[in-house]
Amino acid sequence: MKMSDIPFGTVDWETVEPTRHPGEVGEALWRTRHFGPADNAIRVRMVDYSPGYVSDHWCSKGHVLFCLSGELETRLEDGRVFVLKPGMSYQVADGAEAHRSTAPKGARLFIVD
């Protein structure tokens with residue numbers, strides 16, 4: 001991730017209109033902003049997963065993800081499972097390890113990709 005052409009700014013995430021993304025079970029509400037040039041924009045999101053959320057796909061996009069509240073369980077294709085609790089994060093590169101998440105209790109995440 002290369003960050004360029006992004007002036008200093010602040011975001012009040014509660015004022016960013018959410019978009020709904022259904023999972024296999026439950027839904028995710030994304031509050032999304034894009035920064036930088038269109039051909040190399042960085043996507044920054046505040047994501048709320050409903051209790052019981054189950055992703056409907058395997059993701060191979062790279063992310064830096066920080067758990068603000070709740071709990072996120074992430075399974076890698078090789079079967080390993082990682083649980084994020086508030087104050088924990090993970091990072092993975094594009095195409096490095098496909099992952100799929102669930103949020104049995106719900107979760108709020110801050111994600112940069």
Side-chain angles (χ1 to χ4, degrees):
M1 170 181 351
K2 181 177 178 176
M3 297 177 62
S4 62
D5 299 321
I6 302 172
F8 180 86
T10 63
V11 177
D12 178 352
W13 288 100
E14 293 304 314
T15 67
V16 177
E17 191 67 31
T19 57
R20 295 185 185 281
H21 300 265
E24 190 174 286
V25 176
E27 69 178 6
L29 293 178
W30 295 11
R31 296 175 190 272
T32 307
R33 296 284 311 269
H34 293 89
F35 300 99
D39 63 340
N40 193 34
I42 293 170
R43 179 173 67 173
V44 180
R45 298 178 283 160
M46 185 73 67
V47 178
D48 289 292
Y49 291 105
S50 64
Y53 174 83
V54 176
S55 176
D56 65 351
H57 67 283
W58 286 93
C59 179
S60 59
K61 178 145 183 61
H63 315 283
V64 175
L65 186 150
F66 182 75
C67 182
L68 295 164
S69 65
E71 194 169 282
L72 186 76
E73 295 179 8
T74 300
R75 178 176 303 277
L76 303 185
E77 275 189 316
D78 66 9
R80 288 180 290 159
V81 177
F82 299 88
V83 177
L84 290 186
K85 296 180 181 185
M88 296 177 69
S89 66
Y90 78 65
Q91 56 285 324
V92 63
D94 289 331
E97 295 180 275
H99 46 281
R100 186 174 183 193
S101 295
T102 62
K105 302 174 184 177
R108 174 170 261 200
L109 308 173
F110 186 77
I111 304 171
V112 179
D113 50 27

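Values reported hereafter were calculated over all heavy atoms of this structure, with side chains retained and with hydrogens, waters and symmetry mates removed.
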Peer 1: Is it the case that the side chain of S55 and the backbone of H57 share a donor-acceptor pair, with hydrogens and angles ignored and the cut-off at 3.5 Å?
Peer 2: yes
Peer 1: Going through the distances and angles, do V112 and I42 end up as a side-chain contact (heavy atoms from CB on, under 4.5 Å)?
Peer 2: CA-CA 7 Å; V112 179; I42 293 170; 3.6 Å; yes
Peer 1: Once you round to the nearest 0.5 Å, how far does CD of E27 lie from OG1 of T19?
Peer 2: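 The CD atom of E27 sits 10.0 Å away from the OG1 atom of T19.
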Peer 1: Would you call K61-D113 a salt bridge at under 4.0 Å N-O?
Peer 2: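 A salt bridge is absent here (no side-chain N lies under 4.0 Å from a carboxylate O).
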Peer 1: Please check if any side-chain donor atom of T74 sits under 3.5 Å from a side-chain acceptor atom of S101, or the reverse.
Peer 2: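 T74 vs S101: donor-acceptor pair found between side chains.
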Peer 1: Answer yes when R100 and D56 have at least one side-chain N-carboxylate O distance shorter than 4.0 Å, and no when they do not.
Peer 2: no
Peer 1: Could you give the distance from NE2 (H34) to CG (N40), rounded to the nearest 0.5 Å?
Peer 2: 12.0 Å
Peer 1: Please test F82 against L76 for side-chain contact (heavy atoms from CB on, under 4.5 Å), starting from the C-alpha separation and ending with a verdict.
Peer 2: CA-CA 8 Å; F82 299 88; L76 303 185; 3.6 Å; yes
Peer 1: Assess the residue pair V44 and V11 against the criterion (side-chain contact (heavy atoms from CB on, under 4.5 Å)); give the C-alpha distance rounded to whole Å, side-chain angles, the decisive distance to 0.1 Å, and a yes or no.
Peer 2: CA-CA 10 Å; V44 180; V11 177; over 6 Å; no
Peer 1: Give, for atom CG of L109 and atom CZ of F66, the distance between the pair rounded to the nearest 0.5 Å.
Peer 2: 10.0 Å
Peer 1: If you look at every heavy atom in S89 and L84, which pair is closest and at what distance?
Peer 2: O-CD2, 3.7 Å
Peer 1: Is it true that R80 and E97 have a side-chain N and a carboxylate O under 4.0 angstrom from each other?
Peer 2: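 Yes, this pair counts.
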Peer 1: CZ/R45 to CZ/F110 distance, rounded to the nearest 0.5 angstrom?
Peer 2: 10.5 Å
Peer 1: Measure across S4 and P37 and return the closest heavy-atom pair with its distance rounded to 0.1 Å.
Peer 2: O-CD, 3.4 Å
Peer 1: State whether W13 and R31 meet the cation-pi test: NZ (Lys) or CZ (Arg) under 6.0 Å from the six-membered ring centroid, and within 45° of the perpendicular axis.
Peer 2: no
Peer 1: Apply side-chain contact (heavy atoms from CB on, under 4.5 Å) to L72 and V83, showing your working.
Peer 2: CA-CA 6 Å; L72 186 76; V83 177; over 6 Å; no
Peer 1: Quick one: pull up CG in L29 and OH in Y49 and give me the separation to the nearest 0.5 Å.
Peer 2: 10.5 Å
Peer 1: What heavy-atom pair brings P104 and E73 nearest, and what distance separates the two atoms?
Peer 2: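 Taking every non-hydrogen atom into account, CG-OE2, 3.6 Å.
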Peer 1: Could E17 and R33 be called an ion pair, given the rule that one side-chain N must be under 4.0 Å from one carboxylate O?
Peer 2: no
Peer 1: Would you name the heavy atoms of G26 and Y53 that are closest together and state the gap between them?
Peer 2: C-CD1, 4.0 Å
Peer 1: For the residue pair H99 and H63, does the interplanar ring angle fall in the parallel (under 30°), tilted (30 to 60°) or perpendicular (over 60°) class?
Peer 2: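 Aromatic pair H99/H63 classed perpendicular.
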Peer 1: CE/M46 to CG/L68 distance, rounded to the nearest 0.5 angstrom?
Peer 2: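 Interatomic distance, M46 CE to L68 CG, rounded to 0.5 Å: 5.5 Å.
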Peer 1: Over all heavy atoms of both residues, which pair between S69 and P86 is shortest? Give the atoms and the distance, please.
Peer 2: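 Between these two residues, the closest heavy atoms are CA-CG, 3.7 Å.
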